[in-house]
There are 2 protein chains.
Amino acid sequence: MGFDPEHTKILRQVSLFAGLESQELQGILLAARLVQVEEDGYYFMQGDPAAGIFVLMEGRVKLVQVSLEGQQVLMRVVVPPGVFGVVSLLEGGEFPVSATAMQNSKALFWSAAEIQQIASSYPAVAMNTIRVLAEQVQDFQARFRELATERVERRLARTIIRLANQAGRKTAEGVLIDLPLTRQDLAEISGTTLYTVSRILSQWEERGIVQAGRERVVVRFPHGLVMIADDLP
Amino acid sequence: MGFDPEHTKILRQVSLFAGLESQELQGILLAARLVQVEEDGYYFMQGDPAAGIFVLMEGRVKLVQVSLEGQQVLMRVVVPPGVFGVVSLLEGGEFPVSATAMQNSKALFWSAAEIQQIASSYPAVAMNTIRVLAEQVQDFQARFRELATERVERRLARTIIRLANQAGRKTAEGVLIDLPLTRQDLAEISGTTLYTVSRILSQWEERGIVQAGRERVVVRFPHGLVMIADDLP
DNA sequence: CGCACCTTTGAGCTCGGTCAAGGGGCGTGG
DNA sequence: CCACGCCCCTTGACCGAGCTCAAAGGTGCG
């Protein structure tokens, strides 16, 4: 596969391939394989050898890490045109997380050998990878600091703000977080329990800040969330 | 500066420059500047424009991030020949942490422009950077998960094990963590308070697992720590 | 329309954070 | 060389945010 013009268009927006010429993109696209995974299916599992890199075209994917005792943490939600499996740039690694489709999803795939080849042919790709990873390091540093120093309510507010920036969609009622996230998911992102998330959302709903439903959060008063995140009155 | 043969020798072990020829290393070394910072001094402060990259030659450096309220988290301890300030590979960024000398320290320095130039001249350097960053991402993911799901005692055990791997020195009494870390520092790494760290170390000392002193921890029975970290009897 | 799964809410408890007080090592200056 | 003083460390007492467990109420899909 590889000739869908729609895909070329999306590839242009992929941070990993920024700064490449149309023709170069075409070549890269030719090497890709399209992988479809349906809801609750896996792109890969934690511990699998890092087989290759993915660029999400359609759907939603979550990256989850499980501890030995089976406790889960949701590391990241990927929306198109996001990249995941970057660790495949390195030889002999394994995936540190599992990648699950939250909805039916499509992703372009390059094997580890292919993407390593691409990165060495196009220095821009290597630099873009460095940028992507550096951003991830900073993001995790910030989340780590928050988890270490802040109360649950604040962390949850920041989580919702992040998700709104990433996957928010304006509707009549407010900004809809366009992801099918359960209370459990929100808890796993913010480092708390589903019960605490539920209680906090209920409070926020009473205060008119959000409107919450089954796997659904709409932000009605974004400034209210920011005030909680920054601990203002 | 740049002709100290000692430095060439150390540069060989720097992950960033792995796989380069002696001659290439010499060239890179020529472009470096030696920066000395004495105890409690700063290499850079959080928020400063990312001026360049450092390779620690002597001493100890800690990377600390401060929240708006002034709460600190210790992100990483750097020992020779560690790299810090990698974010300088990107244009226009700022340092997300402050880098403080825990002891009198020396580091080689390349300006952002220089290291960007080096990375584009030597693809191996770009690949090495990707490796370093990917490891950091995984490290923070793991620490994030631990902080989200595990008790303080376990997290502290893991912290001590990590530090022992990184800066452990065998002595007659056991493995000395060769870093001047206060209880406060240990608390900031593991996401707890200095009081809790103190209490736990006292317990461990009673059980013969460690020997603790002023800015000093010696691991006497490593297996005991591992058992705590893995939650075995 | 029934069932699986998601969500809400209550009650109780505990881990670990906070505050307070005092002890001890180490460097510095007299 | 000793003593003062600055940090660093320890320990106790208290308490509260949020976790756990339990039960019941919604929601939407097949």
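Letters A, B, ... are given to chains in the order of the sequence lines, protein chains preceding strands, and every chain is numbered from 1.
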Inset, instruction - With sequence neighbours left out, write down each residue that passes ring-ring contact (aromatic ring centres under 6.0 Å, His included) with B:Phe95, or none if nothing qualifies. - result: B:Phe44

Inset, instruction - Please indicate whether B:Glu38 has more than 12 foreign heavy atoms, meaning atoms of other residues, nucleotides or ligands, lying under 6.0 Å from its CD. - result: no

Inset, instruction - Check if the side chain of B:Arg199 and the base of C:dT18 share a donor-acceptor pair of N or O atoms closer than 3.5 Å. - result: yes

Inset, instruction - Return each pair, listed once, that meets salt bridge (charged side-chain N to carboxylate O under 4.0 Å, His left out) where at least one residue sits in residues 192-206 of chain A; pairs must be two or more places apart or across chains. - result: none

Legend entry - Partners passing ring-ring contact (aromatic ring centres under 6.0 Å, His included) against B:Tyr195 (at least two apart in sequence or in another chain): none

Inset, instruction - Could you pull out all residues at least two apart from B:Trp110 that satisfy ring-ring contact (aromatic ring centres under 6.0 Å, His included)? - result: B:Phe17

Legend entry - Heavy-atom protein contacts under 4.0 Å, nucleotides 20-29 of chain C, coded B base, S sugar-phosphate only, - none: B---BBS---

Inset, instruction - For B:Phe109, check ring-ring contact (aromatic ring centres under 6.0 Å, His included) against everything at least two apart and list the hits. - result: B:Phe54

Inset, instruction - Please work out if A:Leu201 contacts a base, only the sugar-phosphate, or nothing of the nucleic acid, heavy-atom cut-off 4.0 Å. - result: nothing

Inset, instruction - With heavy atoms under 4.0 Å as the rule, sort B:Ser198 into base, sugar-phosphate or nothing. - result: base

Legend entry - Contact check, side chains of A:Val217 and A:Leu181, non-hydrogen atoms, under 4.5 Å: no

Legend entry - A:Gln203 CD to C:dG10 P, straight-line distance once rounded to whole Å: 12 Å

Legend entry - Pairs flagged by salt bridge (charged side-chain N to carboxylate O under 4.0 Å, His left out) wherever residues 175-197 of chain A is involved - sequence neighbours left out: A:Arg60-A:Asp178, A:Lys62-A:Asp185, A:Arg169-A:Asp178

Legend entry - Rounded distance in Å - CZ (A:Arg183) to C1' (C:dT8): 9 Å

Inset, instruction - At the 4.0 Å heavy-atom cut-off to chain B, mark where contacts on DNA chain D begin and end, going 5' to 3'. - result: D:dC7 to D:dA13

Inset, instruction - Spell out, as yes or no, whether a donor-acceptor pair under 3.5 Å connects the side chain of A:Ser111 to the backbone of A:Gly52. - result: no

Legend entry - Residue pairs involving residues 43-52 of chain A (criterion salt bridge (charged side-chain N to carboxylate O under 4.0 Å, His left out); sequence neighbours excluded): none

Inset, instruction - Ignoring hydrogens and angles, tell me if any N or O in the side chain of A:Thr159 forms a donor-acceptor pair with the backbone of A:Arg155 under 3.5 Å. - result: yes

Legend entry - A:Arg76/A:Asp139 ion pair, N-O < 4.0 Å: no

Review item, nucleotides 14-16 of chain C N/O atoms under 3.5 Å of protein N/O:
from: C:dG16; atom 1: OP1; to: B:Val152; atom 2: N; distance (Å): 3.0

Inset, instruction - Return the angle between end axes of the helix from C:dC1-D:dG30 to C:dG30-D:dC1, with five pairs used per end and rounding to 10°. - result: 40°

Legend entry - Those residues that, when tested against A:Pro81, pass side chain to side chain contact (heavy atoms under 4.5 Å, CB included) (two or more places apart): A:Ile10, A:Gln13, A:Val14

